[in-house]
Peer 1: 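Next up is a structure, given as structure tokens.
If you read the sequence from its start, that first residue is 1, and numbering goes on from there.
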Amino acid sequence: RPFLEFKEADDGIFSKICGRLEKLYAAKAIAVKNMKQEVSVTHELISDISHQVKTPVANIKMYTDIMARKLHGSELASDLKVLEKQADRLDFLMQSLIKMSRLEANIISLKIQDCRLLDILASALSIVLPKAGKKRIMIRTQCGAGIIVSADRKWTAEAVFNILDNAVKYTPSRGKITVSVVPWEMYVEIKVSDTGKGISESNHAAIFRRFYREEEIHEQQGVGIGLYLARQIVMQQGGYIKVVSVPGQGSDFSIMLPVR
């Protein structure tokens, strides 16, 4: 119901304006109801797709692994390893698309609470370290144990991981990545610095678009969703991401989380 009520006996332009406002209010209420229904349908659809895709992909990976073991040492074993890697890429792509859809539909409810920033970084690093190890990339972390942030621990770790994964992907073998934390007056800055190829200034904004990939890096695996997801997650918590980079001199990605 409107927060103001008017008598039908009221005449003049004021009465007409009030009448139109009541109609707009009713139309807005209907639009909000329809939007909630659409979000509910979208949520069910995404959940169904996630469930339907997860099982067959898991089965493909399982049977591929079994066959590769049985055919160990044969030419078919190496072909099966390629198939297994493609199944992993398909699984990663589907999970990324599902996360992206949930964020864009505002289905995900972020649980903002006080948590140790060091725990968030540890969660992100535990996933990216094996890939960094294969390239012999050294990752150094500088974060005080007592720094507390108000954030969603799981999704913030996802954002940090995507930034780190991007750094590992474009940093050459035996390179270096530094993760440093700087508390400011209104924000806590999580800076990820790498010794990679760098990014031209003209592409600083473009790299955060969905599915964006630079033409010269198509040999690298990926679908161009990671940085987009990271920015969406941080923005939904009232923060932002900035990048400072020069081609040939590496990149600095900073996640700025607001202090509450």
Peer 1: Check the pair Ile233 / Glu158 against side-chain contact (heavy atoms from CB on, under 4.5 Å), numbers first and verdict last.
Peer 2: CA-CA 8 Å; Ile233 292 167; Glu158 173 80 17; 3.7 Å; yes

Peer 1: Are the side chains of Leu24 and Lys28 in contact, using a 4.5 Å heavy-atom criterion?
Peer 2: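 No, side chains not in contact.
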
Peer 1: For the pair Asp152 (side chain) and Trp155 (backbone), establish whether a donor and an acceptor sit closer than 3.5 Å, ignoring hydrogens and angles.
Peer 2: yes

Peer 1: If you count every heavy atom of other residues, nucleotides or ligands that lies below 6.0 Å from Lys61 atom NZ, does the total exceed 12?
Peer 2: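 It does: Lys61 NZ has more than 12 such atoms within range.
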
Peer 1: Side-chain heavy atoms under 4.5 angstrom apart, residues restricted to Ile, Leu, Val, Met, Phe, Trp, Tyr: same cluster for Tyr240 and Met186?
Peer 2: yes

Peer 1: Please examine the side chains of Asp65 and Arg69, heavy atoms only from C-beta on, and report whether any two atoms are closer than 4.5 Å.
Peer 2: yes

Peer 1: So, taking the atom named CD1 in Ile241 and the one named CD1 in Ile255, what distance separates them when rounded to the nearest 0.5 Å?
Peer 2: 5.0 Å

Peer 1: Between Arg136 and Ser173, is there a side-chain heavy-atom distance shorter than 4.5 Å?
Peer 2: no

Peer 1: If you measure from CD1 on Ile112 to OG1 on Thr156, what distance do you get to the nearest 0.5 Å?
Peer 2: 6.5 Å

Peer 1: Measure across Ile127 and Phe161 and return the closest heavy-atom pair with its distance rounded to 0.1 Å.
Peer 2: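 What the structure gives for the nearest pair is CG2-CE1, 3.6 Å.
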
Peer 1: Considering only heavy atoms from C-beta outward, does the side chain of Met67 approach that of Leu80 to under 4.5 Å?
Peer 2: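 SC-SC contact between Met67 and Leu80 confirmed.
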
Peer 1: Any side-chain heavy atom of Asp252 within less than 4.5 Å of one from Ser245?
Peer 2: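 Side-chain contact under 4.5 Å: no.
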
Peer 1: Side-chain contact, heavy-atom cut-off 4.5 Å: Ile207 with Tyr228?
Peer 2: no

Peer 1: Less than 4.5 Å apart, any side-chain heavy atom of Gln113 and any of Ser150?
Peer 2: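 No, too far: nothing below the 4.5 Å cut-off.
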
Peer 1: Looking only at heavy atoms, which two atoms of Leu118 and Ala145 are closest? And how far apart?
Peer 2: CD2-CA, 4.1 Å

Peer 1: Can you see whether Ser254 engages Glu189 through a side-chain donor-acceptor pair at a distance of less than 3.5 angstrom?
Peer 2: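 Their side chains do contain a donor-acceptor pair, which is all the 3.5 Å distance test asks for.
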
Peer 1: Check the hydrophobic clustering (I, L, V, M, F, W, Y; side-chain heavy atoms under 4.5 Å; chains of links allowed) and say if Val244 and Leu164 are grouped together.
Peer 2: no

Peer 1: Set out, in order, the CA-CA distance, both residues' side-chain angles and the distance that settles side-chain contact (heavy atoms from CB on, under 4.5 Å) for Ile148 and Leu117, then state yes or no.
Peer 2: CA-CA 6 Å; Ile148 305 295; Leu117 184 54; over 6 Å; no

Peer 1: I'd like to know if Lys131 pairs up with Asp165 as an ion pair, taking the criterion as any Lys NZ or Arg NE/NH1/NH2 lying under 4.0 Å from an Asp or Glu carboxylate oxygen.
Peer 2: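 A salt bridge links Lys131 with Asp165.
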
Peer 1: Nearest heavy-atom pair of Ser123 and Ala157: which atoms, and what distance?
Peer 2: CB-CB, 4.0 Å

Peer 1: Set out, in order, the CA-CA distance, both residues' side-chain angles and the distance that settles side chain to side chain donor-acceptor pair (under 3.5 Å) for Gln142 and Thr178, then state yes or no.
Peer 2: CA-CA 8 Å; Gln142 301 169 353; Thr178 302; 5.8 Å; no

Peer 1: Examine Leu121 and Leu129 and state if one hydrophobic cluster contains both, with Ile, Leu, Val, Met, Phe, Trp and Tyr joined whenever side-chain heavy atoms are less than 4.5 Å apart.
Peer 2: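 Linked within one cluster.
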
Peer 1: Could you measure the distance from the CZ atom of Phe253 to the CG atom of Asn166? Nearest 0.5 Å is fine.
Peer 2: 5.0 Å

Peer 1: Is the OH atom of Tyr63 crowded by more than 12 outside heavy atoms at less than 6.0 Å?
Peer 2: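 Open: at most 12 neighbouring heavy atoms sit under 6.0 Å from OH of Tyr63.
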
Peer 1: Please give me the minimum heavy-atom distance between Asp119 and Arg116, naming the atom from each residue.
Peer 2: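 Reported closest heavy-atom pair: OD1-NH2, 2.9 Å.
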
Peer 1: Enter the distance from Thr195:OG1 to Gln249:CD here, rounded to the nearest 0.5 Å.
Peer 2: 12.0 Å

Peer 1: How long is the straight-line distance from NZ of Lys135 back to NZ of Lys169, given to the nearest 0.5 Å?
Peer 2: 9.5 Å

Peer 1: How about Thr171 and Ile177: do any of their side-chain heavy atoms sit closer than 4.5 Å?
Peer 2: yes

Peer 1: Rounded to the nearest 0.5 Å, what's the gap from CE on Met256 to NZ on Lys191? Could you check?
Peer 2: 9.0 Å

Peer 1: Would you say Asp194's side chain and Ser251's backbone share a donor-acceptor pair under 3.5 angstrom?
Peer 2: yes

Peer 1: Around atom CE of Met62, are there more than 12 heavy atoms of other residues, nucleotides or ligands at under 6.0 Å?
Peer 2: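 Yes, the 6.0 Å shell around CE holds more than 12 heavy atoms from other groups.
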
Peer 1: Of all heavy-atom pairs between Pro172 and Ile137, which one has the smallest distance, and what is that distance?
Peer 2: O-CG1, 3.8 Å

Peer 1: With hydrophobic residues grouped by side-chain heavy-atom distances under 4.5 Å, do Val160 and Met138 end up in a single group?
Peer 2: no

Peer 1: Check Phe208 against Val243 and note the closest heavy-atom contact, atom names and distance.
Peer 2: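 What the structure gives for the nearest pair is CE1-CG1, 4.2 Å.
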
Peer 1: Using the side chain to side chain contact (heavy atoms under 4.5 Å, CB included) definition, which of the options Ile120, Val179, Ile190, Val181 pairs with Cys143?
Peer 2: Val181

Peer 1: Main chain of Ile199, side chain of His204: is a donor-acceptor contact present, judged purely on distance under 3.5 Å?
Peer 2: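 Yes, His204 side chain to Ile199 backbone: donor-acceptor pair under 3.5 Å.
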
